[in-house]
Amino acid sequence: MKVKIIEKTHELDLQDALNDFIDEYDPSIVSLYYAVALTSHLGELEYSFSCLVVYS
């Protein structure tokens with residue numbers, strides 16, 4: 001079993017990165033775990049979209 005963590009600042013970039021990973025490696029995916037983090041820096045909201053891919 002292996003894991004891959006992908007993190008992006010925009011949800012569509014995460015979607016593209018996940019699709020690229022799947023297209024390149026054709027993994028047998030066991031599960032996907034998504035997370036969103038939100039912080040504020042100098043009055044600006046910053047997002048972090050991530051996905052943990054468990055595959056074999």
Side-chain angles (χ1 to χ4, degrees):
M1 194 139 322
K2 297 181 180 182
V3 296
K4 172 75 173 175
I5 298 171
I6 302 172
E7 185 273 331
K8 299 292 179 182
T9 56
H10 193 275
E11 66 272 16
L12 294 178
D13 292 337
L14 178 62
Q15 176 180 291
D16 291 342
L18 282 168
N19 284 328
D20 291 345
F21 174 72
I22 291 168
D23 287 343
E24 184 176 345
Y25 295 101
D26 192 28
S28 177
I29 296 175
V30 175
S31 58
L32 298 169
Y33 300 94
Y34 293 95
V36 178
L38 174 64
T39 60
S40 178
H41 179 70
L42 299 174
E44 295 288 324
L45 295 178
E46 296 180 359
Y47 290 88
S48 173
F49 299 90
S50 60
C51 182
L52 171 72
V53 181
V54 179
Y55 67 101
S56 56

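- Heavy-atom neighbours of L45 CG from other residues, nucleotides or ligands within 6.0 Å: above the threshold of 12.
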Which pairs of donor and acceptor atoms, one on a side chain in residues 25-39, lie under 3.5 Å apart (sequence neighbours left out)?
{"unit_1": "S31", "atom_1": "OG", "unit_2": "Y33", "atom_2": "OH", "d": "3.4"}

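- Under a hydrophobic clustering in which Ile, Leu, Val, Met, Phe, Trp and Tyr are joined whenever their side-chain heavy atoms come within less than 4.5 Å, directly or via other members, V3 and V53 fall into different clusters.
- Here CG of L18 is found 10.0 Å from NZ of K4. Values are rounded to the nearest 0.5 Å.
- Among residues two or more places apart in sequence or in another chain, the side-chain contact (heavy atoms from CB on, under 4.5 Å) test is passed with L42 by none.
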Which pairs would a plain distance check flag for residues 6-16, meaning a side-chain donor or acceptor within less than 3.5 Å of a matching protein atom at least two apart in sequence or in another chain?
{"unit_1": "E7", "atom_1": "OE2", "unit_2": "S48", "atom_2": "OG", "d": "2.9"}
{"unit_1": "H10", "atom_1": "ND1", "unit_2": "L12", "atom_2": "N", "d": "3.1"}

